[in-house]
There are 2 protein chains.
Amino acid sequence: MSLKIALAQINPLVGGIDANAAKIIETAIYARDRRHADLIVFPELSVTGYPPEDLLLRPDFIAHAARAVEHIAAQATGIDVVLGFPDNYQGKLYNSAAVLRDGAVLSRYRKNALPNYGVFDEKRYFFEGDQTALFTLKGISIGITICEDVWHPGILARNREAGAELVLTLNASPFHAGKIHEREDIIVNQVKALQLPLVYVNQVGGQDELIFDGASFVVDSNGEVVFRAEEFSEQISVVEFEGNRPLRGTCAPLYNEVSSEYRALVLGIKDYVAKNGFQGAILGLSGGIDSALVLALAVDALGADKVEAVLMPSRYTQAMSLEDAALEAEALGVKYHTIPIEPAVSAFTDMLAGVFAGTARDTTEENIQARCRGVILMAMSNKSGKLLLTTGNKSEMSVGYATLYGDMAGGFAPIKDVPKLLVYELAHYRNSLSKVIPERVLTRPPSAELAPDQIDEDSLPPYNVLDPILERYVEQDQSAEEIIAAGFRREDVERAIRLVDRNEYKRRQSPPCIRITPRAFGRDRRYPITSGYRGI
Amino acid sequence: MSLKIALAQINPLVGGIDANAAKIIETAIYARDRRHADLIVFPELSVTGYPPEDLLLRPDFIAHAARAVEHIAAQATGIDVVLGFPDNYQGKLYNSAAVLRDGAVLSRYRKNALPNYGVFDEKRYFFEGDQTALFTLKGISIGITICEDVWHPGILARNREAGAELVLTLNASPFHAGKIHEREDIIVNQVKALQLPLVYVNQVGGQDELIFDGASFVVDSNGEVVFRAEEFSEQISVVEFEGNRPLRGTCAPLYNEVSSEYRALVLGIKDYVAKNGFQGAILGLSGGIDSALVLALAVDALGADKVEAVLMPSRYTQAMSLEDAALEAEALGVKYHTIPIEPAVSAFTDMLAGVFAGTARDTTEENIQARCRGVILMAMSNKSGKLLLTTGNKSEMSVGYATLYGDMAGGFAPIKDVPKLLVYELAHYRNSLSKVIPERVLTRPPSAELAPDQIDEDSLPPYNVLDPILERYVEQDQSAEEIIAAGFRREDVERAIRLVDRNEYKRRQSPPCIRITPRAFGRDRRYPITSGYRGI
């Protein structure tokens, strides 16, 4: 007898319980009526979106989610619906899944393995379940697991022992480069060992700094991936089973690394703007590579008519920078304004002349220029309701090569988790689709243009040295000695580490980014500002 | 036989392992030689300071702490030393205590109860221990517990069952108003029930947003507090025991609520400035109550010669505001500058005239003024190495009545967790010690002075209505309906909640504060920026 299972790879809105419930009902009815599915599976915490963070501490929020589950059960009949929600059971909160059948909750599963590392805080909110929860449909015994559960071999094995012939997994598994291979490998190996077919449904969409990449899939008992949904987009798919054996369907190919990173960044901007109700985006264009990339990402996410650019030359801005910035805007069809910052810089210089009398020129004066640009961009953002995007990259944010309230001013920092070398790769990738960034921008040495003839390498090691040091220190927790032993100069390593440590206060006030590496500057890196630790 | 136990209520530096080890050794030798103590007890994680956050994920950091413990054991001989450190045991990290005797580790205890709520993330780092660890000194069997352990009755009882006649508790228990009573009550009740005397040693000092208030104490088996150390200062005390019975010592009186809040704020500023190596502090003085209070706090923390004030009048600043600001600076002996912001405001207005042509005046123009002040203050902070203090209070930060990169610009936000009504109480309290804030500042209606004749109540409900609504919503997780049922007008409640929800993005970019309530805007309130939840 054939069994049809729908994989609902949806993009919920965190906290948007009523909207999510409506989407779940609509999707279930579509799967039932148009696709003749027997069962539809939604992602982890699909009723609330993932992660709801401290909304989970509010009793009214939990009660609201419970009412939504009842409402869905009443509306989405004639099909088994498996969804995720936070469930208050006997005074304890669980990260749960429910099977809804014939207007009621048929059974509940409570997540066994709660991640509390990296970006995850699940032990802050939830108690651990310790049971399996099988249900039967068309004679097949089906087990349920939630996300982290399937990274722990014991839990799938327990389902097998309990008699499961097929397992469903509800997920909100965040993206970083390469994560999808890690994810499929771990699961495929277990499935193969246990001979237990598995249906994996992942959330898709951007939520603050996190990207959920979708790529839901089905594995047969031999460990073969017989179906895979698209990465980075909503998709409702139906996979047919003979008994517990899934029939081969379409397998969306996986994007290569740079392409998946680019798509993640586009989705992140798109969802942050849409879900927060902005009219579009605005950014400062310097003629440098970083703002060129952010402009291209913003246009690909929102469309050229929703994006506005501002050129803000100073006395240190070279003519070619202005030319290139204008070319970038024109190539993408984006409206741009030119507002020289000199009048404001002069005003501040005069106003501060008294208190600064007798002091030497230092980075203070450079910061004033960056902050004048921040004031202009924020004013335009305030007036227009457009989101101000910052254009700083991860290398700069690591070492503090950025001005607080200057170029760091903005509501969202799309490339804050993109190291400088990857900025170049992404720019080349974008140009390979269609040429939008002038060649000169890709080849001239990077400069902040805040002082005469300044280039980044005056203040920092070259990026092909700096970036690998930063990756080892920030993402891999390597010590100075380990990094030096790997072949880097002590001087470069110590300088980089000192700068990273010293600039935690700046990062703490930076806007959220889009996480594309295994460790961004966000929920997954929680450092004290006040720290006496010198690992050098 | 008499037993002398030293309580080492120290102020460690998070991450400053070598400095902390030196202080532990010096303190132990002092207690041994000058106070003839047999045993000295240090706070939780005293070797690393608390909380080290993600430094705990670095293998070099853990190894460094382990070497420090060996070094302390070798140096601090002739006295039993009990201290806290992160201990990697068989590949698992524990929040541990060690008893050092005769140059070696005599025994180790691994914290049983790991807090993972509020400001705490201990399950992110540590495994749970499940054993007691008793040691014997002068014939007395002594148990060890760490902080959260003693909030769980079962753990003290287990020590009693294992034969403990006395229990030591190593703590890093953060302050909020009223916490000390909660803490002593819970422990005294258990001690009384178990007839088990207890020595409670707490860390003291400021660490980013957290204040540790000290107030270490000793309880006899009848549950009587027979000794208490000072709140908010370092203190090495020795308590003598006959058998397991502590002899009565001095009990430092507890400060009343407003006085303890004031002292917490002073300590927070003092430690943030000192531990981060700033030359002093700078702030904008508006003539309003908030900046008047922050000025007084800063002077009490750092001394008048380390504090600088800036008056930045605009066309909307009333003469009395300038007069009062000057009077405040003079009353406290603080150097101040006056820098009118008009030239910069005019420059921006002209520069933006083109892009703003045909638009109506709105808060954009108010924000420009606030941001011009931010640029001036940050320039002075950059040039002088003085920490810029922001002056916004918790009521403003809740509803977003503040300008990002304007009055929110700064490195530390001392009163970000102080609601407006409490700002008045603290100001009155400070004036009761010596009159430093002019009467008129305490009585005139609060105004941002960013538009003609503006007062806060034009935009917000009166603070005696707003503050209790915010406390219920932000600190107690009450729903709109619950707050309305408690007697507040629906209109005020819905407006306040809408503003709190909408301004998460601003708070995310604000500087760290000093936590004095049960829930500040920091580690203890983790809300999504992107959220569709409308609890109204």
Side-chain angles (χ1 to χ4, degrees), chain A residues 13-17 19 52-55 57-61 116-117 121 123-124 207-208 272 275-276 337 339 343-344 347-348 350-352 355-356 359 363-364 367-368 371 374-376 378-380 382-383 405 409 411 477 479 505 508-509 511-512 525-533 535, chain B residues 13-17 19 52-55 57-61 116-117 123-124 207-208 272 275-276 337 339 343-344 347-348 350-352 355-356 359 362-364 367-368 371 374-376 378-380 382-383 405 409 411 477 479 505 508-509 511-512 525-533 535:
Chain A
L13 172 61
V14 162
I17 294 175
E53 303 190 66
D54 279 7
L55 286 169
L57 302 179
R58 284 167 58 176
D60 60 314
F61 184 76
N116 203 67
Y117 56 81
D121 280 311
K123 291 185 181 175
R124 181 175 174 87
Q207 168 60 25
D208 290 349
Y272 194 87
K275 292 180 176 179
N276 287 293
H337 314 272
I339 304 180
F348 283 118
D350 293 346
M351 290 156 72
L352 288 161
V355 290
F356 284 0
T359 65
T363 51
T364 303
N367 287 334
I368 288 173
R371 291 192 181 116
V375 173
I376 290 167
M378 281 303 295
M380 293 180 67
N382 288 164
K383 193 64 101 183
Y405 324 131
D477 286 325
S479 67
Y505 76 100
R508 199 68 74 83
Q509 291 191 41
R525 190 174 190 273
R526 305 178 189 177
Y527 263 62
I529 297 176
T530 304
S531 169
Y533 190 58
Chain B
L13 172 61
V14 161
I17 294 176
E53 304 190 62
D54 278 7
L55 286 169
L57 302 179
R58 284 165 59 175
D60 60 315
F61 184 76
N116 203 68
Y117 56 82
K123 292 184 179 175
R124 181 174 173 86
Q207 168 59 26
D208 290 349
Y272 194 87
K275 292 179 176 179
N276 287 294
H337 314 272
I339 303 179
F348 283 118
D350 292 348
M351 290 156 70
L352 289 161
V355 289
F356 284 0
T359 65
D362 57 19
T363 51
T364 304
N367 286 335
I368 289 174
R371 291 191 181 115
V375 173
I376 291 167
M378 282 303 295
M380 293 179 68
N382 289 164
K383 194 63 102 182
Y405 323 131
D477 286 325
S479 68
Y505 75 100
R508 201 67 76 83
Q509 292 192 41
R525 189 174 189 275
R526 305 179 189 177
Y527 264 64
I529 296 177
T530 304
S531 168
Y533 190 58

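Residue numbering restarts at 1 for every chain, and letters A, B, ... go by the order of the sequence lines. Remember, it's a predicted structure, so these values are computed and weren't measured experimentally.
With a 4.5 Å cut-off on non-hydrogen atoms, A:Ile529 touches chain B through its backbone and its side chain both. The contact between B:Asp362 and chain A is made by backbone and side chain atoms together, counting heavy-atom distances below 4.5 Å. If you measure heavy-atom distances from A:Pro52 to chain B, the contacts under 4.5 Å come from the backbone alone. Heavy atoms closer than 4.5 Å to chain B are found in both the backbone and the side chain of A:Ala344. B:Ala409 touches chain A through backbone and side chain together, each having a heavy atom under 4.5 Å away. The parts of A:Val14 that come within reach of chain B are both its backbone and its side chain, each placing non-hydrogen atoms under 4.5 angstrom from that chain.
With chain A as partner, the option from B:Asn367, B:Asp350, B:Val355 having the largest number of non-hydrogen pairs under 4.5 angstrom is B:Val355. Of the listed residues B:Pro59, B:Gly15, B:Pro512, the one with more heavy-atom pairs under 4.5 angstrom with chain A than any other is B:Gly15. Ranked by heavy-atom pairs under 4.5 Å with chain A, the list B:Ile376, B:Ile17, B:Ile368 is led by B:Ile376. Ranked by heavy-atom pairs shorter than 4.5 Å toward chain A, the options B:Lys275, B:Gln207, B:His337, B:Arg508 are led by B:Gln207.
In plain terms, the two heavy atoms of B:Gly411 and A:Gln509 that are nearest each other are CA-NE2, 4.3 Å. Minimum interatomic distance between B:Glu53 and A:Pro528 (heavy atoms only, all atoms of both residues): OE2-CA, 3.5 Å. Counting all heavy atoms, side chain and backbone alike, A:Leu13 lies closest to B:Gly532 at CD2-CA, 3.6 Å. Across A:Ile339 and B:Met351, no two heavy atoms sit closer than the pair CG2-O, 3.8 Å. Of all non-hydrogen atoms in A:Ser531 and B:Leu55, the two that sit nearest each other are OG-CD1, 3.7 Å. Of all heavy-atom pairs spanning B:Thr364 and A:Ala379, the tightest one is CG2-O, 3.4 Å.
The distance from atom OH of B:Tyr527 to atom CG of A:Leu57, rounded to the nearest 0.5 Å, is 7.0 Å. Between atom CG of residue B:Leu352 and atom CE of residue A:Met380 there is a gap of 7.0 Å, rounded to the nearest 0.5 Å. For the atom pair A:Asn116 CG and B:Asn116 CG, the distance stands at 4.5 Å (nearest 0.5 Å). In this structure, NZ on A:Lys383 lies 5.5 Å from CZ on B:Phe356, to the nearest 0.5 angstrom.
In this pair, B:Tyr533 and A:Phe61 present their aromatic rings perpendicular. The plane angle is above 60°, beyond the 30 to 60° band.
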- Evaluate side-chain contact (heavy atoms from CB on, under 4.5 Å) for A:Arg526 paired with B:Arg124, printing each intermediate quantity in order. CA-CA 11 Å; A:Arg526 305 178 189 177; B:Arg124 181 174 173 86; 3.4 Å; yes
- Query: Are A:Arg525 and B:Asp54 close enough, and set up right, to give a salt bridge (charged side-chain N to carboxylate O under 4.0 Å, His left out), and what steps lead you there?
  - Reply: CA-CA 7 Å; A:Arg525 190 174 190 273; B:Asp54 278 7; over 6 Å; no
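A donor-acceptor contact closer than 3.5 angstrom is absent between the side chains of B:Asp208 and A:Tyr505.
You'll find the side chain of B:Val375 reaches within 4.5 Å of the side chain of A:Val375, heavy atoms only.
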